[in-house]
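To keep things clear, I will list the structure first and then write my remarks on it.
In listed order, ligands and their atoms are each counted from 1. Reckoned from all heavy atoms, side chains included, excluding hydrogens, waters and symmetry mates.
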Amino acid sequence: MKNSVPQLLLICIIAFYAEEVCSSIYRLNKRISNVEVKLDTVNTDIAAFRLDMIEVWDKMEEMNKSMCPTENPNHLMKPNVTVMETAVQAETHVSSRMLYSALQSEKKFVREHNQMLEENVNALAHGQKHIEVLVKKQSENIEKVVQDIKTLNNMSVFKAEHRKAIGKVVKDIETIDSKILVMEHAQEDTTENVKSLTENIKTTAKDIKTLDQKVKKIDQLERDVKTLKETLDTVMNQMSTMQQTINQIKARTPCLPRWYSYGQSCYYFSTSELSWSDALNDCKSKGVYLAEHKHRGEAKDLAELAQSISTKIDMYWVGASDISSEGSWIWKESHASVNYSYWTSGNPDNYRNEDCMSTYVNHQGHWNDLNCNTKIGYICQTAKLD
Ligand SMILES: [Ca+2]
Ligand SMILES: [Ca+2]
């Protein structure tokens, strides 16, 4: 664990006092060193003084010899260096003693100060131990708090998981509610369907009853159909017999009574006289058409046939006209162009707007254009009976 604030404070205080002690010791050593330097200086001065004294003595001796050559050079007293040294040493000793005394005082002060510092250090050490105990307790408390925080975190995680699980359960409940709602709707639909089915069954029962009645009617109808079929068979047999009779008649006469056979057709020569369009309609009402001449010989032969039946009519309408386009003659029934000429001389002359074709019985059946409103006989034509 990292240093706490009290520990750091304690370390700072110890460092401060250690710095103070070191400083005092340094100053003491400095002073001792100064004293030693001074002592060396004093010794040096004594040595120099001694040399100076010897030099002065030598000079004084030379002067004595030059000034008083007869005198005993020994009468001059050689200065007592030893005494002087002793004096100097005594003076130095006094100075040293004073200095020593000062140093002793200083040493005493330093010792006392050191002792006080030691006491302070001891007190601080005691305080440090107390602080360490407190720090230990605080660390334990912090550990406990950390543990509590972890527990709380775990509880938070547990709460989050619990909340998540609750959310899931809520969603499941919502899903179940939705399904229940859907099932309720389905049940309602089913009830409606059952009701509808019941109605359908009732309707179906009615329909079955109706069908049963219809089946009975069908049975009756089948019986009626059977009877009708028997009747039809009888009728068909009768028709077959009649057809045979008709065929026999046809074999004998290919045209109806009052119709005349020529080529592959039967012809009717009218006994009344009509306009060309009325004649056309009369033939149409009979299911036939106004006669057409396929070639000259046919017109001639039909004229002879008309003469032979003595209708007393000498002019008959046939089915060609140039009503649509003057001079362009078209057979009405077949829509074919009249592609050959069998006109009487000078015709067609379109005299007074003559647009319809007639045939002269007394002139070998030659054609003349007449006004369509002219009333004359007419010839109807149809195919022979099969
Ligand atoms: Ca004409
Ligand atoms: Ca004419």
For Gly319, is there any backbone N or O sitting under 3.5 Å from a side-chain donor or acceptor partner on Glu333?
no

Working to 10°, measure the angle at the Ca ion (ligand 1) formed by atom OD1 of Asn350 and atom OD2 of Asp322.
150°

Quick one: are the ring centres of Trp331 and Tyr289 less than 6.0 Å apart?
no

How is the N/O/S atom of Asp349 that comes nearest to the Ca ion (ligand 2) named?
OD1

Does Asn347 bring an N, O or S atom to under 3.0 Å of the Ca ion (ligand 2)?
yes

May I have the step-by-step check of ring-ring contact (aromatic ring centres under 6.0 Å, His included) for Trp343 and Trp329, ending in yes or no?
CA-CA 12 Å; Trp343 297 100; Trp329 290 85; 4.9 Å; yes

Is there an N/O/S atom in Asn353 that lies less than 3.0 Å from the Ca ion (ligand 1)?
no

How large, to 10°, is the angle at the Ca ion (ligand 2) when you draw lines to OD1 on Asp369 and to OD1 on Asn368?
80°

Would you mind naming the N, O or S atom of Asp355 nearest to the Ca ion (ligand 1)?
OD1

Does the pair Asp282/Lys286 count as a salt bridge with the N-to-O cut at 4.0 Å?
yes

When you measure from the Ca ion (ligand 2) to each N, O or S atom of Glu354, which atom gives the shortest distance?
OE1

Relative to the ring of Phe269, is the ring of Tyr316 parallel (under 30°), tilted (30 to 60°) or perpendicular (over 60°)?
perpendicular

What I want to find out is whether Lys300 reaches Glu304 closely enough, with some N-O distance under 4.0 Å, to be called a salt bridge.
yes

